[in-house]
Novice: 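Have a look at this one.
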2 protein chains.
Amino acid sequence: MADSQDVQAPRPLRRDAERNRQRILRAAREVFTTRGLQASLDDVARHAGVGVGTVYRRFPDKESLAQALFEERIEAMATLAEQALAEPDSWGGLMSFLDGACAHLAADRGLHQILMYASYGKDLTARARARMQPLVTALVQRAQRDGKLRPDLHPTDMLFIELMISAAARYAEPVRPEIWRRYLALITDALRPGRDVTTPLPEPPLEPQEMAEVMRSIPHRSDPGGPP
Amino acid sequence: MADSQDVQAPRPLRRDAERNRQRILRAAREVFTTRGLQASLDDVARHAGVGVGTVYRRFPDKESLAQALFEERIEAMATLAEQALAEPDSWGGLMSFLDGACAHLAADRGLHQILMYASYGKDLTARARARMQPLVTALVQRAQRDGKLRPDLHPTDMLFIELMISAAARYAEPVRPEIWRRYLALITDALRPGRDVTTPLPEPPLEPQEMAEVMRSIPHRSDPGGPP
DNA sequence: GGTAACCGGAGAAGATATCTCCATATGGAC
DNA sequence: GTCCATATGGAGATATCTTCTCCGGTTACC
């Protein structure tokens, strides 16, 4: 209890070390963005122009690196939701959020993996949920109160829409990277209430607790169990 | 040019060999269904109760096995489309097809991989396209002529819908294997024409040739390039 | 009963990814 | 300028997997 503020004060890292740390993070962002989380730390090292040893000294394993990136990504998503919530038009806000989230996910091959990376230690997906859930719920409920959004939709449905759209984006990415907008527009059309034909939705939405399980679907290592 | 009909008449396979061949195919169906194409041939062999050698003697590599399964899967899909086309109601037919195709894809983890497996030698996806494209086009155009389907949709859109839904199914499979029906119903709602609000779709649909590229997106081996 | 065809499965060969080690280099306190 | 705690690079030890081969022993069929 001498000087530190919390638990963080081991030593300020030598200047070259800190510079390399930043390089590594930048490289990881790029590599994971284009190739996904299954890229090896060797790849990241090469991309950063440092040795593997340097990477492993700073980040014991891929999970640590993912965790470091996790924070900023979640924050970007949360900011998106907050800005959407600040828009006066509830429908427009919801659309902005969906569009922005899908754009992020479409452009970043590793993002959904980072967001859904099941981490043994601290459950990152729990943090993601804690941060995002209230915002998305607010967006959804506000639009529903205004009668702009089908009342039978649930906040968890928004996440599924994002997952579906980003899957489409990943499939089409080499051919037509923007085609996902077509399908988002299509789905979006189905979200409005009071159309002449509205099919009652079969299957109740996923409860948050179920969604939590889905969010943990990407296993560590390159265990070929996770879906996309 | 002595006795054969085409190119097929090397020797009728000894009885035990044929029995094992069938066992292997059955095992491959099961293993690929539950774990996807990245299961190893050793897994298939173990599941079939035969030695790896036996598998490799019959199927030089995983591609050969996939190819053998490919035929029956494509045929099942084509049958689905033909039955849908035989239904008098064009909208109902299209829905039957979408529902059936999504159900197949949701229940079979390896199916979309088999259908989209880029094969060096004979281009299987080309065969799939040749078989399916006319049927799906007929289904779509018939519904559009009847005014039951938005006119701005294209046959390739149906495939994308199937891909998106099956991605959702794979994500949710351990938690709620049937939730995909919820999202199919949602999308389906957006397919009808003449609703009070119809957003014009941005991005033109994929041309068949572009779709062909998308279909070849799953690389050989376990090359971590393919999307889901 | 003879033999061609077949079987099983150990293990060779090849890929990859993870992570360690240590000789060498460098920042920065004094 | 000196010194040494702190860093660095990258070869290579480990570990894990899959694919595919090989061959002694077995089996179907005439």
Side-chain angles (χ1 to χ4, degrees), chain A residues 9-25 27-28 31-32 35-67 110 113 117 119-121 218-226, chain B residues 9-28 31-32 35-68 110 113 117 119-121 218-226:
Chain A
R11 199 170 299 247
L13 223 50
R14 224 168 68 179
R15 200 177 327 139
D16 55 340
E18 179 56 32
R19 178 164 37 81
N20 279 344
R21 208 186 98 96
Q22 292 307 327
R23 271 196 202 172
I24 291 167
L25 279 172
V31 171
F32 290 159
R35 307 231 305 279
L37 262 201
Q38 69 277 2
S40 71
L41 289 201
D42 285 52
D43 283 321
V44 174
R46 207 167 318 132
H47 207 84
V50 305
V52 250
T54 305
V55 174
Y56 279 95
R57 193 171 321 106
R58 224 44 81 199
F59 303 96
D61 49 33
K62 187 144 60 187
E63 175 157 349
S64 309
L65 232 186
Q67 187 174 331
Q113 296 179 306
Y117 202 48
S119 51
Y120 4 49
I218 294 183
H220 330 96
R221 299 273 161 156
S222 50
D223 187 345
Chain B
R11 201 168 298 246
L13 225 50
R14 226 169 66 176
R15 200 174 330 137
D16 55 340
E18 179 56 33
R19 178 164 37 80
N20 278 344
R21 209 187 97 97
Q22 293 306 328
R23 271 196 201 171
I24 292 168
L25 279 172
R26 199 177 329 131
V31 171
F32 289 159
R35 310 231 303 278
L37 262 202
Q38 68 275 6
S40 71
L41 288 200
D42 285 50
D43 283 323
V44 174
R46 209 168 315 133
H47 207 83
V50 304
V52 249
T54 305
V55 174
Y56 279 96
R57 193 170 319 106
R58 223 44 81 197
F59 303 96
D61 50 33
K62 187 143 62 186
E63 176 158 347
S64 309
L65 231 187
Q67 188 173 332
Q113 296 179 306
Y117 201 49
S119 51
Y120 4 47
I218 295 183
H220 330 98
R221 299 275 163 152
S222 50
D223 186 345

Novice: Rounded to the Å, how far apart are Arg23(B) CZ and dC7(C) C1'?
Specialist: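 Whole-Å distance recorded here is 11 Å.
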Novice: When the distance from CD of Gln38(B) to P of dT19(D) is rounded to whole Å, what number comes out?
Specialist: 11 Å
Novice: Are Glu63(B) and Gln67(B) linked by a side-chain donor-acceptor pair shorter than 3.5 Å?
Specialist: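 No, no side-chain donor-acceptor contact under 3.5 Å.
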Novice: Quickly work out the Glu18(B) CD to dT27(D) P distance and round it to whole Å.
Specialist: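 My rounded result for the distance is 19 Å.
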Novice: Treating Gln113(A) as the side-chain partner and Leu37(A) as the backbone partner, does any N or O pair qualify as donor plus acceptor under 3.5 Å?
Specialist: yes
Novice: Using heavy-atom distances to pick each residue's nearest nucleotide on DNA chain D, tell me which of Ala39(B) and Asn20(A) is more 5'.
Specialist: Asn20(A)
Novice: Please compare Asp42(A) and Gly51(A) by the position of their nearest nucleotide in DNA chain D and report the one closer to 5'.
Specialist: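 Here Gly51(A) is the residue nearer the 5' end.
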Novice: Would you indicate whether the side-chain heavy atoms of Arg35(B) and Asp43(B) approach each other to under 4.5 Å?
Specialist: yes
Novice: Find out whether Phe32(B) and Lys62(B) are in side-chain contact, i.e. whether some heavy atom of one side chain is under 4.5 Å from a heavy atom of the other.
Specialist: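 Yes, close enough: below the 4.5 Å cut-off.
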Novice: Looking at every heavy atom in both Val55(A) and Ala45(A), which two are closest together, and how far apart are they?
Specialist: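 Between these two residues, the closest heavy atoms are CG2-CB, 3.6 Å.
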Novice: Is there a side-chain contact between Phe59(B) and Leu25(B) in this structure, where contact means two heavy atoms from C-beta onward sitting under 4.5 Å apart?
Specialist: yes
Novice: Would you call Arg58(B) and Leu13(B) a side-chain contact if the rule is heavy atoms closer than 4.5 Å?
Specialist: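 The answer is yes; the side chains approach within 4.5 Å.
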Novice: Within the structure shown, what part of the strands sits under 4.0 Å from Arg21(B) by heavy-atom distance: base, sugar-phosphate, or nothing?
Specialist: nothing
Novice: Please confirm whether the shortest side-chain N or O distance from Lys62(B) to OP1 or OP2 of dT18(D) is below 4.0 Å.
Specialist: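 No.
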Novice: With nearest nucleotides of DNA chain C determined for Val52(A) and Arg57(A) from heavy-atom distances, which residue corresponds to the more 5′ nucleotide?
Specialist: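 The residue closer to the strand's 5' end, by nearest nucleotide, is Val52(A).
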Novice: In this structure, how many angstroms lie between the P atom of dC20(D) and the CZ atom of Arg58(B), rounded?
Specialist: 16 Å
Novice: Quick one: is dG9(D) close enough that its OP1 or OP2 comes under 4.0 Å of any side-chain N or O from Thr54(A)?
Specialist: yes
Novice: Let me have a per-nucleotide readout for nucleotides 24-30 of chain C, 5' to 3', with B, S or -, counting only protein heavy atoms under 4.0 Å.
Specialist: --BSS--
Novice: Round to a whole Å and report the spacing from OH of Tyr56(A) to P of dG12(D).
Specialist: 18 Å
Novice: In chain order, what residues pass the side-chain hydrogen bond (donor to acceptor under 3.5 Å, both in side chains) check against Arg14(B), with sequence neighbours excluded?
Specialist: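 So Arg14(B) forms a side-chain hydrogen bond (donor to acceptor under 3.5 Å, both in side chains) with Asp16(B).
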Novice: What is the distance from CG of Leu41(B) to C1' of dT21(D), rounded to the nearest Å?
Specialist: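 One finds 14 Å between C1' of dT21(D) and CG of Leu41(B), rounded.
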Novice: Heavy-atom contacts under 4.0 Å between residues 43-50 of chain A and DNA chain D, which residues?
Specialist: Gly49(A), Val50(A)
Novice: What is the distance, rounded to the nearest whole Å, between atom CG of Leu65(B) and atom P of dC20(D)?
Specialist: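 Computing the Leu65(B):CG to dC20(D):P distance gives 12 Å.
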Novice: Is Asp61(B) reaching over with its side chain to a backbone N or O of Ser64(B), donor-acceptor style, under 3.5 angstrom?
Specialist: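 Yes, because the side chain of Asp61(B) sits within donor-acceptor range (under 3.5 Å) of the backbone of Ser64(B).
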